[in-house]
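Working notes for the structure below.
If you read the sequence from its start, that first residue is 1, and numbering goes on from there.
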Amino acid sequence: MAHIDAGKTTTSERILYYTGKTHRIGEVHDGAATMDWMVQEQERGITITSAATTAFWKYADESYQINLIDTPGHVDFTVEVERSLRILDGAVAAFCAVGRVQPQSETVWRQADKYKVPRIAYVNKMDRVGADFEAVLSEIESKLGAHPVAISLPIGSESDFAGIVDLIDMKAHFYDVSSEELVNYRIGDIPADMLERAQEGRSALIEAAAEFDDTILEKFLDDPSSINNDELVAALRKATISMSIVPVTCGSSLKNTGVQYLLDAICRYLPSPLDVPEVTGTNPNTGNEEVRRANSTEPFCALVFKIATDPYVGRLAFLRAYSGKLDAGSYVLNASTGKKERVARLYQMHSNKQNPIEFVEAGDICAAVGFKELHTGDTICVENRPLVLESMTFPDPVIGIAVEPKTTKDLAKLENALVKLAEEDPTFTVKTDNETAQTVISGMGELHLDIIVDRLRREFGVEINQGAPQVNYREAIKGTVVHHEVFKRQTGGRGKFADIVVEIGPADEGFVGLQFEDKVKGGNVPREYIPAVEKGFKSAMDNGPLAGFPMTSLKVTLQDGSFHPVDSDALSFEICARLAFRHALVKATPILLEPIMKLDVVTPEDYMGDVVGDINKRRGRVTDMDAQGNARIIKALVPLSEQFGYVTVLRTLTSGRATSSMEFSCYEELPAALSREVIEKAGTRKMVDEDE
């Protein structure tokens, strides 16, 4: 995991080569990387979808199985990082030795914190001009709040980078960058000019380990030279797994330097499935919490973390097995839906290739075929021991475009393709605009939607026309109103009747969705109709009162009401709630909210004034400025609506020398003048009675 261009895929390619998984090194810049198998990835030189593989590495006379997932760095594809971290036990955070801790580095680090994933850091590109290992260590501490501990030191840097010093064995690894041998380095003595620095580094390593191991602490106080390497590694491993320290190593993946040592570090310090706590879930039948241990004798339990469509084998469900054993051809229960499913075939994945396997056990990652209804975040388990694991949360899309097929005969093909793409990617949504009957697709950014449109054309053979990008606004209210709504309809025979009194206002701070409270006394509204009132308000929130945009949050308190013993039913109260929503919200000071993006620009100092001036013109607010070598880092909050085509403008302003990254930050109130424009464009949704 890392920021864009920190070298994740290049490092992954070296890992595949040195573990014997591939017989030649695939380069990203040649479009030949094994893990970047999509046409769009090869053309653009970026990773779009997370690719999984399994490799084996021999360390200390033991063979270790490593399940590797190479994730994208671009914030538009953050869902791939999110779901990978949810199911993995450890991570390698890659950092560019020149760029250091960059904006997306912070984002993926927070995601790893969220899922409590232990990690080691790999400082890549030590051969580049401006590489600074110590500066990266300092920024990991200051910007990420971590406790980095160097387990190796670079021998030289920039064009003089020759290898690394192993602070565990106190030996130097000198690399032959031109060699494509599996062992392309020789082990020798530490250069004399580095000996003092290496000894200081080892002392710091022992000090860090002593904090977590009493035996090492005693030896450290008595005689530091008596600490053997096995004890030191064991203590560091314990500290890494508890997320107390982050071991840091370095190298240059493009120059084939330091990757074998990184593989050793993965085996040494990152947890195996046996080292992480047992997984906890909820029994859907009893509602009680239950645990599953990483053992093949336990009842089978796995989490679906990704759905993909393969042109040859069909719909692939990627699984992480947490306990038990699953044989190909057996039946499982989808605990999230309560439906029984058959696993036709199981595969061990190698990028986009599938190797059939007979079974999968606790700790394994595999892909399964044969499921009819399975979605990202579902739990599958044995029938007689159901368990639902905690699912994943994904951000809402912030940008949309209207699409239509160029020919009407492609309409069904387009619908089918969009359903498949939405199944694969939880941050990609499809909806039909009720006013215009247009199909609107929404995603995390312009690049995200570009890739979707390109995939529609290439993979599904659908040529489409697309509209201009649209911002996904939200609606909210600032005021509080008490509203009395009566719904009655008599059409002969049994009629419809519902009567409610509600207080409607903004939800409590931090609450998302409908905050519903029932304060009816004396049975004026029967208990069985209360959920219908809540359901009515919840569904009405999809179309706000101003321009039909969804509402982010709302607080509704049902205070009173009445019913008719014959004419009242749940549907009457649901319709009554929808009408109350329409009539009350126009009196509660409704406002439009716009998505605000966190923008980070790295620019040479000469262009700083132009860049800041342009941000101000876009209604942006500069929040921070920092220096990094000769470059300046500008952090700002800018409305998404002002950011379309920003990359092109930035290149023009800075002669192509600045880079930027952007991610969603929050929603803020849209100024009144701009609100009027948006409402006019959207076509004002008039509040009309159900009868009309």
Side-chain angles (χ1 to χ4, degrees), residues 1 59-60 85 88-95 100-101 105-106 108-123 132-154 164-171 190 194-250 258 261-278:
M1 61 176 204
Y59 164 70
L85 286 169
L88 292 176
D89 299 323
V92 176
F95 297 92
R100 305 173 197 170
V101 175
S105 314
E106 296 181 50
V108 296
W109 197 271
R110 284 197 304 271
Q111 286 171 308
D113 281 340
K114 175 179 166 184
Y115 293 115
K116 296 182 172 55
V117 179
R119 66 219 80 147
I120 57 178
Y122 173 60
V123 181
D132 190 334
F133 181 69
E134 298 295 337
V136 180
L137 283 175
S138 173
E139 287 198 8
I140 290 174
E141 188 166 17
S142 61
K143 290 187 176 180
L144 304 178
H147 182 192
V149 178
I151 52 171
S152 72
L153 294 174
I164 59 173
V165 170
D166 176 2
L167 296 177
I168 302 292
D169 292 333
M170 288 300 278
K171 291 287 182 184
I190 298 169
M194 280 197 69
L195 200 54
E196 189 179 338
R197 188 171 159 226
Q199 285 165 345
E200 286 172 4
R202 183 175 169 87
S203 294
L205 203 58
I206 292 170
E207 269 186 58
E211 289 181 38
F212 305 97
D213 191 293
D214 292 341
T215 309
I216 288 186
L217 180 60
E218 284 174 25
K219 289 187 176 182
F220 178 65
L221 295 171
D222 294 340
D223 178 13
S225 61
S226 66
I227 299 170
N228 68 53
N229 291 347
D230 290 342
E231 288 174 328
L232 183 55
V233 168
L236 291 170
R237 178 184 179 83
K238 191 166 89 176
T240 305
I241 292 170
S242 68
M243 293 175 59
S244 303
I245 68 161
V246 178
V248 186
T249 182
C250 60
Y261 189 78
L262 174 63
L263 278 162
D264 285 346
I266 289 169
C267 298
R268 272 176 173 169
Y269 307 114
L270 288 182
S272 87
L274 300 173
D275 295 315
V276 293
E278 61 268 11

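With rounding to the nearest 0.5 Å, the separation of CZ in Phe212 from CG in Leu236 is 9.5 Å. Of the inter-residue distances, the one linking Asp264 atom CG with Asp166 atom CG reads 8.5 Å to the nearest 0.5 angstrom. Atom CD of residue Glu211 and atom CG of residue Leu217 lie 9.0 Å apart, to the nearest 0.5 angstrom. The CG atom of Leu195 sits 5.5 Å away from the CD1 atom of Ile190 when rounded to the nearest 0.5 Å. Distance check: Asn228 CG to Ile216 CD1 gives 8.0 Å after rounding to the nearest 0.5 Å. The distance from atom OG1 of Thr240 to atom CG of Asp275, rounded to the nearest 0.5 Å, is 11.0 Å.
In terms of heavy-atom proximity, Phe133 sits nearest to Ser152 at CZ-O, 3.5 Å. In terms of heavy atoms, Ser242 sits closest to Ala239 at OG-O, 3.0 Å. Shown here for Leu205 and Ala150, the closest heavy-atom pair between the two residues is CD1-O, 3.3 Å. Ala198 and Leu153 get closest at one heavy-atom pair: CA-CD1, 3.9 Å. What you find for Val246 and Ala121 is that their closest heavy atoms are CG1-N, 3.8 Å.
Taking the side chain as every heavy atom from C-beta outward, Ile120 and Thr249 never approach each other to under 4.5 Å. Using a 4.5 Å cut-off on side-chain heavy atoms (C-beta onward), Tyr115 and Leu88 make no contact. In this structure, Met1 and Arg119 have side chains that are in contact, with non-hydrogen atoms separated by less than 4.5 Å. Put simply, the side chain of Val117 does not reach to within 4.5 Å of the side chain of Gln111, judged on heavy atoms.
Summarising the local packing, CG of Asp214 is surrounded by 12 or fewer heavy atoms from other residues, nucleotides or ligands at distances under 6.0 Å.
Checked against salt bridge (charged side-chain N to carboxylate O under 4.0 Å, His left out), Lys171 has the following partners two or more places apart in sequence or in another chain: Asp189. Listed by chain and residue number, nothing satisfies the salt bridge (charged side-chain N to carboxylate O under 4.0 Å, His left out) test with Asp213 (two or more places apart in sequence, or in another chain). With sequence neighbours left out, the ring pair (Phe, Tyr, Trp, His ring centres under 6.0 Å) criterion links Tyr122 to no other residue.
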Taking only distance into account, with no hydrogens and no angle test, what donor-acceptor pairs under 3.5 Å do side-chain atoms of residues 265-272 form with protein atoms, sequence neighbours excluded?
residue : atom : partner : partner atom : Å
Arg268  : NE   : Tyr59   : OH           : 2.7
Ser272  : OG   : Leu274  : N            : 3.1

Which side-chain N or O atoms in residues 137-144 pair as donor and acceptor under 3.5 Å with protein atoms at least two apart or in another chain?
residue : atom : partner : partner atom : Å
Glu139  : OE1  : Val101  : N            : 3.2
Glu139  : OE1  : Lys143  : NZ           : 3.4
Ser142  : OG   : Ser138  : O            : 3.1

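Within the structure, side-chain hydrogen bond (donor to acceptor under 3.5 Å, both in side chains) contacts touching residues 199-208 (residues at least two apart or in different chains) are Arg202-Asn229.
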